[in-house]
Amino acid sequence: MNITRENIDELNAIVKVDIAKDDYIEKVDKILKDYKKNANIPGFRKGHVPMGMVKKQYGQAVLVDEVNKLLQEALNKYLTEEKLDVLGNPLPKEKENFNWDQDNYSFEFELGLTPQFELNLKTKKPITLYKIVAGEEMIQNQITNIQKQYGKLISKEVAEEGDVVVGTIVNEEENIENLGTISLDQLKGKKNINKFVGAKKGDVITLKTKGLFEDDHQLEKVLNVEHDRIHDLDVEVTLTVTEINHQESAELNQELFDKLFPDSEVKNVEDLKEKIKEDAAKQFQQQGDQQLLNDVTEALIENNKFDLPKEFLQKWIRTIGEKPLTEEEAKEEYIKSEQGLRFQLIEGKLISENKLEVKFEDLKEFTTARIKEQMAQFGQTDPAEKELDDIAARVLSNQDEIKRLSEQLMNEKLLGFYKENISLKEKEVTYEDFVKEIYK
């Protein structure tokens with residue numbers, strides 16, 4: 001067997017593989033002898049079929065199979081030994097009138113080579129690192145929600161604005177009958193609210209479902225109907241009042257602070273606001289970090305210009321799906337995936353040059369930390385070391401989980417690298433302003 005390579009240019013090459021009869025004949029003969037021993041052909045006893053007949057029936061199929069196996073093994077070995085960094089897979093060059101009725105064969109493959117480039121981490125201007133915080137309005141809304149959540153319901157005889165009304169809601173044609181709870185401050189429009197004001201237990205109120213609530217999904221809970229029906233549901237229902245309550249907000253005192261944050265030093269409303277702001281910042285950090293990853297990705301693609309073996313990649317794209325693509329479809333697919341491929345090459349070089357590999361011990365530590373976080377959410381703040389090790393071992397026995405967690409850990413390593421090595425400018429914004437700025 002002989003393998004040679006011709007470099008067409010820096011990004012394209014042709015590999016030629018010559019296979020001689022001596023490379024495959026021994027294996028082919030052995031397989032055909034095994035076929036002869038076990039062949040069941042009418043008119044012959046098992047094991048006594050003439051070799052000529054076996055060769056005629058199975059010979060070419062065995063030959064093609066063995067030559068293809070040899071070809072694949074030889075090509076993979078050559079690429080590894082030559083340390084050739086290729087994009088996609090080698091593409092066989094089609095030969096007209098290829099003839100298997102010969103002893104020696106020659107095959108050619110097109111290669112798309114990975115471009116060589118110097119990694120440039122200098123951006124034209126500093127990239128924004130968003131520090132997202134809760135604004136005064138968000139903090140106040142959170143305090144109001146806390147007061148409602150920890151407040152108490154006071155039974156009433158007559159409904160007023162802001163009250164909570166419980167009643168049996170019915171529409172026989174739509175098969176609706178449910179004991180629903182309606183908070184009047186969630187209703188849409190003064191007209192709907194006025195229907196409830198002055199209502200007493202036993203009163204029957206007629207309502208239209210369309211436009212009843214500010215949020216249509218609230219209707220789903222009140223009527224207890226399938227999610228798919230909500231947006232198109234436009235019927236009349238009757239509500240028979242069974243209960244009227246007033247939601248009295250909890251006082252902002254030490255008793256409430258201790259319920260909310262038993263292990264912290266919240267002594268007054270200002271402390272509470274700071275605690276809410278601090279907790280919100282932790283939740284928002286993930287969004288700020290994700291935006292940084294997105295912005296750095298765009299900047300690195302813009303900064304690192306290099307050519308790709310475009311024609312080769314379009315040919316390769318045509319062949320990789322279950323159904324072959326047309327030239328036009330492959331071009332469109334290439335355009336969609338080009339930026340992703342460029343960043344994949346940039347990121348691969350960055351990881352390699354800066355030794356940002358994911359080691360198993362790092363992955364185990366990362367997985368254990370995630371498990372502890374999840375357990376803490378359910379009140380298990382001090383799990384035993386053995387319990388954590390056992391859960392981590394079960395998680396890391398699943399290859400899909402290993403892949404998912406490895407990607408998360410690599411993202412953390414890249415994020416840390418960017419924060420240390422890319423030119424950044426920190427910008428503090430409220431969550432509302434962040435959303436406006438990013439999605440404008």
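These figures come from a predicted structure and were not determined experimentally.
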Exercise. Please say which of Ile132, Val429, Thr430 ends up in a side chain to side chain contact (heavy atoms under 4.5 Å, CB included) with Phe284.
Key: Ile132
Exercise. Identify which one of Lys208, Glu174, Glu173 satisfies the side chain to side chain contact (heavy atoms under 4.5 Å, CB included) criterion when paired with Glu236.
Key: Lys208
Does [atom1] belonging to [X] count more than 12 external heavy atoms closer than 6.0 Å?
X: Lys131; atom1: NZ; result: no
X: Lys188; atom1: NZ; result: no
X: Glu353; atom1: CD; result: yes
X: Glu311; atom1: CD; result: no
X: Lys95; atom1: NZ; result: yes
X: Gln102; atom1: CD; result: yes

Quiz item: What residues form a salt bridge (charged side-chain N to carboxylate O under 4.0 Å, His left out) with Lys359, not counting sequence neighbours?
Solution: none
Self-check item: Contacts of Lys195 that satisfy salt bridge (charged side-chain N to carboxylate O under 4.0 Å, His left out) - sequence neighbours left out
Solution: none
What I'd like to find out is whether the side chain of [X] reaches to under 4.5 Å of the side chain of [Y], using heavy atoms alone.
X: Leu111; Y: Leu79; value: yes
X: Lys27; Y: Lys69; value: no
X: Leu415; Y: Leu292; value: yes
X: Glu387; Y: Asp390; value: no
X: Val222; Y: Asn178; value: no
X: Asp18; Y: Tyr105; value: no
X: Leu129; Y: Lys427; value: no
X: Phe417; Y: Ile351; value: no

Exercise. Assess whether side-chain contact (heavy atoms from CB on, under 4.5 Å) is satisfied between Leu414 and Glu347, documenting all intermediate values.
Key: CA-CA 9 Å; Leu414 286 168; Glu347 187 181 63; 3.1 Å; yes
Ignoring hydrogens and angles, tell me if any N or O in the side chain of [X] forms a donor-acceptor pair with the backbone of [Y] under 3.5 Å.
X: Ser183; Y: Gln186; answer: no
X: Ser249; Y: Gln147; answer: no
X: Asn171; Y: Val235; answer: no
X: Thr114; Y: Asp85; answer: yes
X: Asn76; Y: Glu73; answer: no
X: Gln247; Y: Lys148; answer: yes
X: Asn354; Y: Leu356; answer: no
X: Asn12; Y: Ile8; answer: no
X: Arg342; Y: Phe306; answer: yes

Exercise. Report the C-alpha separation of Leu350 and Tyr418 in whole Å, then their side-chain angles, then the decisive distance to 0.1 Å, and conclude whether the side-chain contact (heavy atoms from CB on, under 4.5 Å) test is met.
Key: CA-CA 11 Å; Leu350 187 151; Tyr418 294 153; 3.9 Å; yes
Exercise. Measure the acute angle between the ring planes of Phe107 and Trp100, then classify it against the limits of 30° and 60° as parallel, tilted or perpendicular.
Key: tilted
Practice problem: For the pair Glu136 and Lys273, evaluate salt bridge (charged side-chain N to carboxylate O under 4.0 Å, His left out) and give the outcome as yes or no after the intermediate values. | Solution: CA-CA 9 Å; Glu136 189 60 36; Lys273 287 183 175 182; 3.1 Å; yes
Quiz item: Taking it one step at a time, do Phe312 and Leu113 satisfy side-chain contact (heavy atoms from CB on, under 4.5 Å)?
Solution: CA-CA 9 Å; Phe312 168 83; Leu113 305 178; over 6 Å; no
Flag for [Y]-[X]: side-chain donor and acceptor within less than 3.5 Å:
X: Asp65; Y: Asn68; answer: no
X: Glu298; Y: Asn294; answer: no
X: Glu437; Y: Tyr130; answer: yes

Exercise. I would like to know whether Glu278 and Lys275 meet salt bridge (charged side-chain N to carboxylate O under 4.0 Å, His left out); could you show each step before the answer?
Key: CA-CA 5 Å; Glu278 178 187 316; Lys275 183 63 178 169; 3.8 Å; yes
Could you give the distance from [atom1] ([X]) to [atom2] ([Y]), rounded to the nearest 0.5 Å?
X: Leu219; Y: Lys210; atom1: CG; atom2: NZ; result: 10.0 Å
X: Lys33; Y: Met51; atom1: NZ; atom2: CE; result: 6.5 Å
X: Leu363; Y: Ser406; atom1: CG; atom2: OG; result: 4.5 Å
X: Lys37; Y: Leu32; atom1: NZ; atom2: CG; result: 12.5 Å
X: Phe213; Y: Leu187; atom1: CZ; atom2: CG; result: 5.5 Å
X: Asp389; Y: Thr367; atom1: CG; atom2: OG1; result: 11.5 Å

Exercise. May I have the step-by-step check of side-chain contact (heavy atoms from CB on, under 4.5 Å) for Leu239 and Thr206, ending in yes or no?
Key: CA-CA 6 Å; Leu239 180 147; Thr206 301; over 6 Å; no
Practice problem: Check the pair Glu274 / Lys277 against salt bridge (charged side-chain N to carboxylate O under 4.0 Å, His left out), numbers first and verdict last. | Solution: CA-CA 5 Å; Glu274 280 303 311; Lys277 191 172 183 178; 5.1 Å; no
Practice problem: Is it possible for you to check whether Lys310 lies under 6.0 Å from the centre of the six-membered ring of Tyr334, through NZ or CZ, and within 45° of that ring's axis? | Solution: no
Quiz item: Between Glu332 and Arg318, does a salt bridge (charged side-chain N to carboxylate O under 4.0 Å, His left out) hold up when you go through it step by step?
Solution: CA-CA 11 Å; Glu332 287 177 12; Arg318 290 186 67 183; over 6 Å; no
